[in-house]
Amino acid sequence: MELTEKINQNIKYLNSLSKTFPNVQSVSTEIINLRAILNLPKGTEHFVSDIHGEHEAFIHILNSASGVIHEKIDMLYKDILPLEKRKQLASLIYYPAKKLALIKDDMDNIEDLDAWYRKTLIELIEVCRLVSTKYTRSKVRKALPKDFAYILDELLHASHDGKNKDSYYNEIISTIIEIDRADAFIIALADVIKRLAVDRLHLVGDIFDRGERPDIIMDLLMNHHSVDIQWGNHDILWMGAAAGSEACISNVLNICLRFSALDLLEIGYGISLRPLITFAEKTYNGDCKCFKAVNDSEHLGDYDKLLIAKMRKAITIILFKMEGQIIARNPKFEMEPRLLLDKINFEKSTVIIDGVEHQIMDADMPTVDPKHPYKLTADEEIVINELKRAFMQSEKLQRHVSFLYSKGSMYKCYNSNLLFHGCIPMNEDGTFTEIDFDGNHPVSGKKLMDYCDEMAKAAFFMPQGTPERQRGLDFIWYLWCGKHSPLFGRHAMTTFERAEISDERVWKEKKDPYYTFTNDPEYCRKILAEFDLDPYSSHIINGHVPVKTKEGESPFKANGKLINIDGGFCKHYQKTTGIAGYTLIYNSNCLRLVSHQPFDSTEHAIKNDFDIISKSHIFETVEKRKTVGDTDTGKELRQQIDDLMLLLQAYRLGIIRQSHKTEF
């Protein structure tokens, strides 16, 4: 195609682009700038999964960037500062305000403090300068806090070659200390270091449930400079609850009560449990021991423990009824085997599951009518409607879920990595499972993931009361526990069995064949190709299934084609995994997996300069350091350069007239 013809075919877009770059000079400057950016080192990516509400451990991982910051300190000061001083400097960066208070309490006099301020400011400036080297000066400026941007920019880019500049640099630091702004500058520098240490955070699912305060984690993520989220099954459950799914609400409450996470509901999200408390106390007697919390808190008395068990029993029976109604109106879900209330023989206290009769431990279900087992009583209707109103009117929950939709999705392809939480459903022969939820629209592989994404959004964004909204609400519950849900990845969720049957063999949840086939590189390459990624250079990054490290299981599958980074962030899983979580670091030189030891508390970490990194394993290096040009951002920048080059030619050929205004 001739140049003039190409320009004319794109003339509408080029005219629009010319408003931003109105002449040859402005276009040329931008082309030079973008080409330079392509040669900067690739930014560091940080991958985290399965946080499950463990907010203190997550905050520490986020602050330390899984060891990246300590690594930078060692690069500068390993031969200059002893380990104890380097650990203190790291702790100061992680928790600047609290650490400052402790350090100042140990100072004997103001002279010591001034000397410490000077030394510390210089050290922090050097660390900040090091982590900023991957970025343009413009990008660093944007990361600086507004109140200190000018002075910090001067400190970071000051030259020490001449006496005048050296004096200028020292005078800035002296003045900061003299006017009592050292604390504020240390805090600002620490925040900038943390901001620049990681270019992008990937959260591969399951922010919610089990741990105490996922709402605190969500607040942090909403303030993060660059984050994407791949929904986990526990995230989708809360998304469904916020959208008004009674089944999802019941599941959320069951889990919160099981783990005694009532502060999350009442303090975190302002959701009153009074309707459930009143109903449970009135309806259920006995010890309800099948429904007691798995982690009875020491601060709870016997009455509170019994009340939680009664509440959990009440909401669990409502849950079975709501799920039964969804299954009945969605035969395409193929979940009829999970209809168990109608299989109970109340006289014998037994239930039939998959044709086998089992004894149940608690057959006292006064709200279950054997003739209409899935119909709510009038009192249950009131309870679930009140709870639904509370979830849908919680301003903070709605804000958090809106953020999950804006930053989240079922999967993400980013810089040759395929990120998703659970699995790509597969058949026993290794083919992708084809599912036809609508009767005329079979989907599998990538199309299934796209369909799930679309339906999850319908649950939240379609108008209330419409059939589309109801279909979305039913489907979002399916994503939580459905037979072929990519987020669940098991044949059935055995909530009933775990509560009512003592034989743990009945609880077993069969995994999707995906988890067997992805031990083979061939099938991992097949999945990567399905998502249009290079099957030989790309990776799959998963969470969802805890890696049993203490039993010798490896997070690396298929010779490193798949990395499972669920290592047990959640305290409940740490007996199984033997560690306290995996995180993944992908920088310009390598992919590195970091395993973590259990986190005691923030207070302990600050007081003792404690870092939870226990082991770092580099499992893939690159021959040539990766640059921005090697990334997805690089592809976008090249396209921008091509467009600007076309605009430049249009100016030079006179097809588009230049503007001679000096500001642009």
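Excluded from the calculations below are hydrogen atoms, water molecules and symmetry mates; all remaining heavy atoms, backbone and side chain alike, are included. Along the sequence shown, the residues carry numbers beginning at 1.
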Lys78: partners by side-chain hydrogen bond (donor to acceptor under 3.5 Å, both in side chains), with sequence neighbours left out: none

Looking just at side-chain N and O atoms, do His202 and Gln230 make a donor-acceptor pair shorter than 3.5 Å? no

Could you tell me which residues satisfy side-chain hydrogen bond (donor to acceptor under 3.5 Å, both in side chains) with Ser588, sequence neighbours excluded, listed by chain and number? Arg625

Roughly how far, to the nearest 0.5 Å, is the CG atom of Asn33 from the CG atom of Leu644? 10.5 Å

Could you point out which residue of Tyr405, Phe208, Phe420 forms a ring pair (Phe, Tyr, Trp, His ring centres under 6.0 Å) with Trp231? Tyr405

According to side chain to side chain donor-acceptor pair (under 3.5 Å), does anything in residues 512-524 pair up with another residue at least two apart or in another chain? List the pairs. Tyr514-Asn542

State, with a plain yes or no, whether a side-chain heavy atom of Val192 is found less than 4.5 Å away from one of Pro145. yes

With a 6.0 Å cut-off (strictly less than), is the heavy-atom count around CZ of Arg657, excluding the residue itself, greater than 12? no

Could you tell me which residues satisfy side-chain hydrogen bond (donor to acceptor under 3.5 Å, both in side chains) with Asn589, sequence neighbours excluded, listed by chain and number? none

Mind checking side-chain hydrogen bond (donor to acceptor under 3.5 Å, both in side chains) for Tyr411 and listing every partner two or more places apart, or none if nothing turns up? Lys446, Asp450

Test of understanding: with salt bridge (charged side-chain N to carboxylate O under 4.0 Å, His left out), list the residues that count as partners of Arg652, not counting sequence neighbours. none

Tell me the salt bridge (Lys or Arg N to Asp or Glu O under 4.0 Å) pairs involving residues 185-204, sequence neighbours left out? Lys139-Asp199, Asp191-Lys194, Arg200-Asp228

If you look only at distance, which donor and acceptor atoms sit under 3.5 Å apart when one is on a side chain in residues 630-638 and the other is two or more places apart or in another chain?
from	atom 1	to	atom 2	distance (Å)
Asp630	OD2	Thr627	N	2.9
Asp630	OD2	Thr627	OG1	3.4
Thr631	OG1	Val628	O	2.6
Thr631	OG1	Thr633	N	3.3
Thr631	OG1	Gly634	N	3.2
Asp632	OD2	Asn415	N	2.7
Arg638	NH1	Gly629	O	2.7
Arg638	NH2	Gly629	O	3.3

Pairs satisfying side chain to side chain donor-acceptor pair (under 3.5 Å), at least one member in residues 526-540, at least two apart: Asn417-His539, Asp534-Ser537, His539-Glu620

Tell me, which pairs form a ring pair (Phe, Tyr, Trp, His ring centres under 6.0 Å) where one or both residues lie in residues 131-151, sequence neighbours left out? Phe148-Phe185

For Arg471, enumerate each residue passing the salt bridge (charged side-chain N to carboxylate O under 4.0 Å, His left out) test, keeping only those at least two apart in sequence or located in another chain. Asp438

Quick one: list whatever passes salt bridge (charged side-chain N to carboxylate O under 4.0 Å, His left out) with Arg35, sequence neighbours left out. none

Nearest 0.5 Å, what's the CG-CG distance between Asp642 and Leu647? 12.5 Å

Does Lys42 make a cation-pi contact with Tyr586 (under 6.0 Å, within 45 degrees of the axis)? yes

